[in-house]
Asks: 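Take a look at this one; I'll ask things after.
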Amino acid sequence: MRKRAEPGAPENENFVRAPLDRECSLKQKLRIAGAKGHYPHDSDCDSKEMKRFGRRYGLWSRLRMFLIFLVGLYIAIPFLVKVCPAIQTQLVFLNLVRFPYFIDLKRPQDQGLNHTCNFYLQPEEDVSIGVWHTIPAVLWKEAQGKDLEWYEEVLSTNYPVILYLHGNAGTRGGDHRVQLYKVLSSMGYHVISFDYRGWGDSAGSPSESGMTYDALHAFDWIKARSGDNPVYIWGHSLGTGVATNLVRRLCERETPPDALMLESPFTNIREEAKSHPFSVIYRYFPGFDWFFLDTITASGIKFANDDNVKYISCPLLILHAEDDPVIPFHLGKKLYNIAAPARSLRDYKVQFVPFHKDLGYRHKYIYRSPELHQILRDFLGNNEQQ
């Protein structure tokens, strides 16, 4: 005989649930038609409907509050930047972004630079800047175990010197910077790199004038020790602004460098800020110039490369990758078009070298170009140590 199912068995639950669902559905149809009446399972149906409605309403409510928060934040940021210009200054310098993290800048050998000496200069009272001196690769064996005095003396040997001025964010120990030091060292150059005040392990607060003075102090330190060897200035990204500030000042005092190289330069900080990928979401915001660009200028930040090149009297080389996502290629080309006809440069070589986008050098990988050595050799001519 077939065994009777016990009360509470799963099939009984399904048996009861199915009519209930059908009844709820029927009830809804009758309500739409205006039918009235009492149903034994009204409370169950209402409870299920309320739960479904509550879940949908709760999700939409949270989404709506999140969207309101984003819109409010989007509108508030420009006013916050205007009221507190220090925020915009930090966005320009990014000196507190100190990647790579957890490296000891006192030990450049940890970054593969076993022919580099770390030391500190003091441009002003309460300001010190950390410096690396990387010697030509051909001297690396002699450099093992040598002290700062030996490194200073070797600057006067028959090798040219490059003063490297890095861009914003990071330190002198950034990977792409270290790779460039190695490339230039292998070509026979001394490379002097340093962190501006407020960057890395350098003491002080960043400013355009302070960064320029740090570079001037480093240049004078080099010239006092390099004898008759050529001294070149190499600026990258934001460092191109420091470089043209420095070289303009050197030319005004009639002590120009032997050449200036600008890698991934811009025209001025206003045009660069407007073209920077960070500004995309605000580029068409009403009052963009007043909120953001005027705030930068009011903070004393100009980095006017387009004006400085009109007062520079030394050979000028501009390197720029077509696929640069940070400083658009057209700004580097525009700077060249301003510099080429400048009266102060009419007796000097001015060259623009583009790198095709297919090479993938972007903003900071031009050092990977196998043509870089020949480009520098052709541009610097007899000044380059063979």
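One is the number of the first residue; the rest follow in order along the sequence.
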Asks: May I ask you to check whether H363 and H236 place their ring centres under 6.0 Å from each other?
Replies: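 Here the rings of H363 and H236 have centres that are less than 6.0 Å from each other.
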Asks: Could you list all the salt bridge (Lys or Arg N to Asp or Glu O under 4.0 Å) pairs where at least one residue sits in residues 86-102, not counting sequence neighbours?
Replies: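 The answer is none; no pair qualifies.
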Asks: Would you say R343 has more than 12 foreign heavy atoms packed within less than 6.0 Å of its CZ?
Replies: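 Open: at most 12 neighbouring heavy atoms sit under 6.0 Å from CZ of R343.
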Asks: Could you check whether Y361 and F355 have their ring centres less than 6.0 Å apart?
Replies: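 Between Y361 and F355, which both carry aromatic rings, the centre distance is below 6.0 Å.
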Asks: What pairs of residues pass the side-chain hydrogen bond (donor to acceptor under 3.5 Å, both in side chains) test when at least one of them lies in residues 160-173, not counting sequence neighbours?
Replies: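 As it turns out, the side-chain hydrogen bond (donor to acceptor under 3.5 Å, both in side chains) pairs with a partner in residues 160-173, which skip direct neighbours, are N118-R172, H166-D195, R172-D195, R172-D201.
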Asks: Using side chain to side chain contact (heavy atoms under 4.5 Å, CB included) as the criterion, list what pairs up with A304, not counting sequence neighbours.
Replies: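 D306, D307.
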Asks: Parallel, tilted or perpendicular: which one describes the rings of H133 and H190, with boundaries at 30° and 60°?
Replies: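 The rings of H133 and H190 sit tilted, inter-plane angle from 30° to 60°.
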Asks: Quick one: side chain to side chain donor-acceptor pair (under 3.5 Å) partners of E371, sequence neighbours excluded?
Replies: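 Not a single residue meets the side chain to side chain donor-acceptor pair (under 3.5 Å) criterion with E371.
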Asks: Side chains of N305 and N268: donor-acceptor distance under 3.5 Å anywhere?
Replies: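 On atom types as modelled, these side chains do not qualify, holding no pair under 3.5 Å.
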Asks: Ignoring hydrogens and angles, tell me if any N or O in the side chain of S344 forms a donor-acceptor pair with the backbone of K310 under 3.5 Å.
Replies: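 A pair under 3.5 Å: yes.
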Asks: Quick check on the 6.0 Å ring-centre criterion: do F292 and Y282 meet it?
Replies: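 For F292 and Y282, the ring centres are under 6.0 Å apart.
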Asks: Answer yes if the side chains of D175 and Q111 hold a donor-acceptor pair under 3.5 Å, and no otherwise.
Replies: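 The answer is no; no qualifying pair exists.
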Asks: Taking only residues two or more places apart in sequence or in another chain, which ones pass salt bridge (Lys or Arg N to Asp or Glu O under 4.0 Å) with D294?
Replies: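 D294 satisfies salt bridge (Lys or Arg N to Asp or Glu O under 4.0 Å) with R270 only.
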Asks: Report the residues that fulfil salt bridge (Lys or Arg N to Asp or Glu O under 4.0 Å) with R346, sequence neighbours left out, ordered by chain and then residue number.
Replies: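 Listed in chain order: nothing, the list is empty.
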Asks: So with a 6.0 Å cut-off around NZ of K357, is the heavy-atom count from everything else above 12?
Replies: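 Counting other residues, nucleotides and ligands, NZ of K357 stays at 12 neighbours or fewer.
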Asks: So which pairs with a foot in residues 326-336 pass side-chain hydrogen bond (donor to acceptor under 3.5 Å, both in side chains), sequence neighbours left out?
Replies: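 For residues 326-336, and leaving out neighbouring residues, the side-chain hydrogen bond (donor to acceptor under 3.5 Å, both in side chains) pairs sorted by first residue read E271-K334.
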Asks: For Q374, does the CD atom sit with more than 12 other heavy atoms under 6.0 Å from it, leaving out its own atoms?
Replies: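 Correct, the count exceeds 12.
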Asks: Is the OH atom of Y101 crowded by more than 12 outside heavy atoms at less than 6.0 Å?
Replies: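 Atom OH in Y101 is packed in, count exceeds 12.
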Asks: Can you list every pair that meets side-chain hydrogen bond (donor to acceptor under 3.5 Å, both in side chains) and has a residue in residues 138-148, with sequence neighbours left out?
Replies: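 Passing the test, one end in residues 138-148: no pairs.
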Asks: Quick one: list whatever passes side chain to side chain donor-acceptor pair (under 3.5 Å) with R197, sequence neighbours left out.
Replies: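 Partners of R197 under the side chain to side chain donor-acceptor pair (under 3.5 Å) test: E124, D214.
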Asks: Can you name the residues that form a side chain to side chain donor-acceptor pair (under 3.5 Å) with R368, not counting sequence neighbours?
Replies: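 Not a single residue meets the side chain to side chain donor-acceptor pair (under 3.5 Å) criterion with R368.
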Asks: With D289, which residues qualify under salt bridge (Lys or Arg N to Asp or Glu O under 4.0 Å), at least two apart?
Replies: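 By the salt bridge (Lys or Arg N to Asp or Glu O under 4.0 Å) rule, D289 matches K274.
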Asks: Do W199 and F93 have ring centroids that are under 6.0 Å from one another?
Replies: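 Yes.
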Asks: How long is the gap from CG on L262 to OG1 on T240, to the nearest 0.5 Å?
Replies: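 Reported value, rounded in 0.5 Å steps: 6.0 Å.
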Asks: Please list all pairs meeting salt bridge (Lys or Arg N to Asp or Glu O under 4.0 Å) that have one or both residues in residues 148-168, counting only residues at least two apart or in different chains.
Replies: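 Residue pairs with at least one partner in residues 148-168: E152-R225.
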Asks: Between L94 and L91, which heavy-atom pair has the shortest distance, and what is it?
Replies: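 Scanning both residues, the minimum pair turns out to be CG-O, 3.5 Å.
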Asks: Has D228 got more than 12 heavy atoms of other residues, nucleotides or ligands less than 6.0 Å from its CG?
Replies: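 Atom CG in D228 is not packed in, count stays at 12 or less.
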